[in-house]
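Small disclaimer: the values here were computed from a predicted structure and weren't measured.
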Amino acid sequence: MADSTSQLDATINALKGGLSSAAGAAGPNIQGWIKTLQGNTQLSGISSELKKLDTAISSGDSSTIASALGTLGEHTTKAASSATADSKEKLMQLGQALSSAASQLKG
């Protein structure tokens, strides 16, 4: 679980720095999360949304990026309610950061 906790920290820190600073690490970060979530049927919605986000970032489609970030924020916040104690707070922070990033993009 230490790996996913440090992965949560890295993602939260990247998003706290703003979208422009998160953009450089987005590809490897997203691929890492897709790999982490692989095989977890309960979180398959998050995984498929991450794939959509990765494609949108590659093509520069800002409206799809904003939509995917918003959906990821909702799913992550929802997942926090059933997370383990050591991950719950970090998942809530991540969900809020994703939702905030979506709002920034939507303007």
Side-chain angles (χ1 to χ4, degrees):
M1 191 51 141
D3 271 353
S4 61
T5 301
S6 61
Q7 194 174 9
L8 280 170
D9 287 336
T11 305
I12 292 167
N13 288 335
L15 286 167
K16 281 183 179 175
L19 287 177
S20 57
S21 69
N29 202 337
I30 291 168
Q31 291 302 318
W33 277 112
I34 291 170
K35 186 176 180 182
T36 297
L37 298 174
Q38 194 170 13
N40 186 329
T41 54
Q42 288 180 308
L43 300 177
S44 63
I46 292 175
S47 185
S48 68
E49 204 62 37
L50 283 167
K51 290 174 187 171
K52 184 189 297 183
L53 176 61
D54 196 31
T55 301
I57 289 171
S58 296
S59 66
D61 182 350
S62 61
S63 65
T64 302
I65 293 170
S67 174
L69 286 171
T71 302
L72 284 166
E74 291 171 22
H75 285 316
T76 304
T77 301
K78 191 175 184 179
S81 65
S82 60
T84 59
D86 61 335
S87 297
K88 185 174 281 205
E89 181 60 34
K90 291 181 188 294
L91 285 170
M92 290 296 292
Q93 288 176 19
L94 178 57
Q96 290 167 355
L98 288 164
S99 296
S100 175
S103 296
Q104 288 176 23
L105 268 179
K106 289 176 183 173

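- Annotation: the span from N29 atom CG to T11 atom OG1 amounts to 3.5 Å, rounded to 0.5 Å.
- Minimum interatomic distance between Q7 and T36 (heavy atoms only, all atoms of both residues): OE1-OG1, 2.9 Å.
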Quiz: residues 97-107 side-chain donor-acceptor pairs under 3.5 angstrom, not counting sequence neighbours:
from: S99; atom 1: OG; to: G95; atom 2: O; distance (Å): 3.1
from: S103; atom 1: OG; to: S99; atom 2: O; distance (Å): 3.2

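- In the hydrophobic clustering of this structure, L37 does not group with M92; members are Ile, Leu, Val, Met, Phe, Trp, Tyr whose side-chain heavy atoms approach within less than 4.5 Å, directly or through other members.
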Identify all side-chain donor-acceptor contacts of residues 68-80 below 3.5 Å with residues at least two apart in sequence or on another chain.
from: T71; atom 1: OG1; to: S67; atom 2: O; distance (Å): 3.1
from: T76; atom 1: OG1; to: L72; atom 2: O; distance (Å): 2.7
from: T77; atom 1: OG1; to: G73; atom 2: O; distance (Å): 2.8

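- Going from atom OG1 of T84 over to atom NZ of K90 covers 11.0 Å, rounded to the nearest 0.5 Å.
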Please list every donor-acceptor pair under 3.5 Å in which a side-chain atom of residues 38-47 meets a protein atom from a residue at least two apart or in another chain.
from: N40; atom 1: OD1; to: Q42; atom 2: N; distance (Å): 3.1
from: N40; atom 1: OD1; to: L43; atom 2: N; distance (Å): 3.3
from: S44; atom 1: OG; to: T41; atom 2: O; distance (Å): 3.1

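- Legend: salt bridge (Lys or Arg N to Asp or Glu O under 4.0 Å) pairs involving residues 45-63, not counting sequence neighbours, sorted by first then second residue: E49-K52.
- Separating the OG atom in S58 from the CG atom in L53 is a distance of 9.0 Å, to the nearest 0.5 Å.
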